[in-house]
> 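For reference, the structure I am asking about is given below.
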2 protein chains.
Amino acid sequence: MCRVPETGERPYHHGHLRAGLLQAAERRLREDGVDGLSLRDLARELGVSHAAPRRHFPDRRALLDALAETGFARLDTVLRAALADTADDFAVRLQAVATAYTRFATENAALLELMFRSKHRPGGERVARAAEGAFALVNELIVQGQAEGALQAGEPEQAGLILFATLQGIAALVNGDVVPPEMRDGLVETATEQFLRGARPLP
Amino acid sequence: MCRVPETGERPYHHGHLRAGLLQAAERRLREDGVDGLSLRDLARELGVSHAAPRRHFPDRRALLDALAETGFARLDTVLRAALADTADDFAVRLQAVATAYTRFATENAALLELMFRSKHRPGGERVARAAEGAFALVNELIVQGQAEGALQAGEPEQAGLILFATLQGIAALVNGDVVPPEMRDGLVETATEQFLRGARPLP
DNA sequence: ACCTGAACACCGTTCAAGT
DNA sequence: ACCTGAACACCGTTCAAGT
């Protein structure tokens with residue numbers, strides 16, 4: 001039951017400051033990158049004193065960690081949604097997840113960087129836990145592929161990691177302008193096909 | 001014929017300021033990342049006023065660009081050295097370059113990030129040109145592979161890009177602590193083998 | 001419980017002036 | 001040609017005080 005303030009009104013208690021900070025921060029992250037994200041600037045934008053954010057985020061890192069955490073949650077949602085739309089065939093499912101991941105990684109470049117950077121920082125346990133969900137999903141998929149005989153049996157980790165690395169790398173090349181964005185989906189498709197050819201059981 | 005100042009002496013003209021800045025900056029970059037690199041701090045370390053660096057680098061970006069440029073030059077040297085030590089066999093040469101690149105990328109994580117970030121910035125033409133050398137080397141190698149019949153004929157770009165992406169991704173996973181460093185060389189080896197199996201001509 | 005305002009120690013950048 | 005010193009507009013962080 002939070003009262004939304006009228007336009008122009010500026011109550012002493014903001015009421016939505018935490019949520020407002022996260023929302024504004026995410027936009028800034030997308031528009032100007034991590035370096036362009038300043039706490040004082042966000043506070044100004046929300047019409048609040050520069051010290052106010054401290055109640056909700058003890059320091060700048062805490063805000064960035066919170067962004068990373070919600071980033072992983074959103075990634076998880078995106079990947080599961082992509083899987084929900086496909087048939088049972090392993091190759092099709094793999095393509096769907098691979099494409100969805102790489103899209104997310106290129107459409108949220110700064111956020112993705114933040115996600116992987118925050119994951120293994122001291123105090124980044126919450127972010128790490130949020131990351132596990134997305135990783136688990138990929139591993140499940142690899143196990144399914146092995147069960148269907150589309151992949152060599154064995155620990156799924158190495159195979160899964162290499163595929164993951166390739167997608168991450170394609171995203172990095174697109175984000176670094178080494179490769180034009182239009183090539184993204186095509187590269188992912190070829191990479192996935194080559195992965196399937198390379199990782200299938202020997203005849 | 002630059003006179004090296006005695007210890008404790010602090011002449012008005014530093015004499016090696018540009019080189020000193022680059023050297024100190026590279027160490028800082030390695031130890032504290034890009035965010036830990038401050039011009040004022042470097043100036044202090046070199047015993048010079050905070051405005052002195054401006055003579056050699058108009059702003060912070062210019063210093064970072066210079067670092068990126070020398071980074072590409074060093075990468076090029078590393079890769080050519082790795083090739084010079086191998087036999088003629090394509091698979092062996094590919095392994096050598098792949099391993100050398102990924103090592104460089106993990107041992108110079110912050111520098112590599114800078115290299116790819118600076119490459120496509122307005123004014124980053126010099127950096128981009130420095131990058132071409134390293135890319136050309138990989139492409140030459142792919143062309144050799146096609147000539148030897150180890151790879152499918154066709155434009156080398158797509159095949160080369162996917163391999164490059166995989167290596168970049170493996171480095172990113174190691175740098176992001178998703179994968180322990182000890183797994184690096186093993187992953188690169190497996191990835192290269194799978195790439196060769198996946199990209200060789202169909203029987 | 002939540003926010004303000006002043007204060008502190010840092011930045012990068014600019015520019016007249018020094019050697 | 002190269003460097004200094006003061007100045008400006010920004011940071012993040014801290015803390016007593018306000019509502």
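Just so it is clear, the structure is predicted and the values come from calculations on it, not from any experiment. Any value given below was found using the heavy atoms of this structure, including those in side chains, with hydrogens, waters and symmetry copies removed. We name chains A, B, ... by the order of the sequence lines, and we start the count at 1 in each one.
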> Is there a Watson-Crick or G-U wobble partner for dC2(D) with both distances under 3.5 Å, and which nucleotide is it?
dG18(C)
> What nucleotide, of dT4(D), dT14(D), dG12(D), holds the atom closest to the side chain of A51(A)?
dT14(D)
> Whole angstrom is fine here: how far is it from CG in D41(B) over to P in dT13(C)?
15 Å
> Distance check needed: dT14(D) P versus L39(A) CG, whole Å only.
12 Å
> Taking CG from L63(A) and P from dT13(D), how many angstroms apart are they, rounded to a whole number?
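Taking atom P of dT13(D) as the reference, CG of L63(A) is at 10 Å.
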> Using a cut-off of 4.0 Å on non-hydrogen atoms, how would the nucleic acid contact of R44(B) be classed: base, sugar-phosphate, or nothing?
sugar-phosphate
> Measure from CZ on R54(A) to P on dG5(C) and round the result to the nearest Å.
18 Å
> Show the numbers, then the answer: is there a side-chain hydrogen bond (donor to acceptor under 3.5 Å, both in side chains) between R184(B) and T102(B)?
CA-CA 8 Å; R184(B) 183 194 57 197; T102(B) 322; over 6 Å; no
> With under 30° as parallel and over 60° as perpendicular, where do the rings of F72(A) and F116(A) fit, or are they tilted in between?
perpendicular
> If we call it a pair only when both distances are under 3.5 Å in a Watson-Crick or G-U wobble match, what pairs with dT13(C)?
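Its partner is dA7(D).
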> Is R40(B) side chain donor-acceptor paired with the dT13(C) base, going by distance under 3.5 Å alone?
yes
> Reckon R18(B) touches a base, only the sugar-phosphate, or nothing at all at heavy-atom distances under 4.0 Å?
nothing
> What is the distance, rounded to the nearest whole Å, between atom CZ of F57(B) and atom P of dT13(C)?
13 Å
> On DNA chain C, compare the nucleotides closest to S38(B) and L17(A); which residue's is nearer the 5' end?
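The residue mapped nearer the 5' terminus is L17(A).
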> Over all strands shown, is R55(A) touching base, sugar-phosphate only, or nothing at heavy-atom distances under 4.0 angstrom?
base
> Can you check whether any acceptor in the base of dA6(C) is under 3.5 Å from a donor in the side chain of H50(A), or vice versa?
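Present.
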> Whole-Å distance between dC15(D) P and D59(A) CG?
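Atom CG in D59(A) sits about 14 Å away from atom P in dC15(D).
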> Heavy atoms only: give me the nearest V174(A)-P181(A) pair and the separation to one decimal.
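In this case the closest contact between V174(A) and P181(A) is CG1-CA, 4.1 Å.
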> State whether E113(B) and R117(B) are salt-bridged, where the test is any N-O pair (Lys NZ or Arg NE/NH1/NH2 against Asp/Glu carboxylate O) under 4.0 Å.
yes
> Using atom NE2 of H16(A) as one end and atom C1' of dC2(C) as the other, report the distance to the nearest whole Å.
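Going from NE2 in H16(A) over to C1' in dC2(C) covers 14 Å.
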> Quick one: H56(B) NE2 to dT4(D) C1', roughly how many Å, whole number?
13 Å
> Please give me the minimum heavy-atom distance between R93(A) and Q144(A), naming the atom from each residue.
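Looks like NE-OE1, 3.2 Å.
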> Can you figure out which of dT4(C), dG12(C), dG12(D) approaches the side chain of R60(A) most closely?
dG12(D)
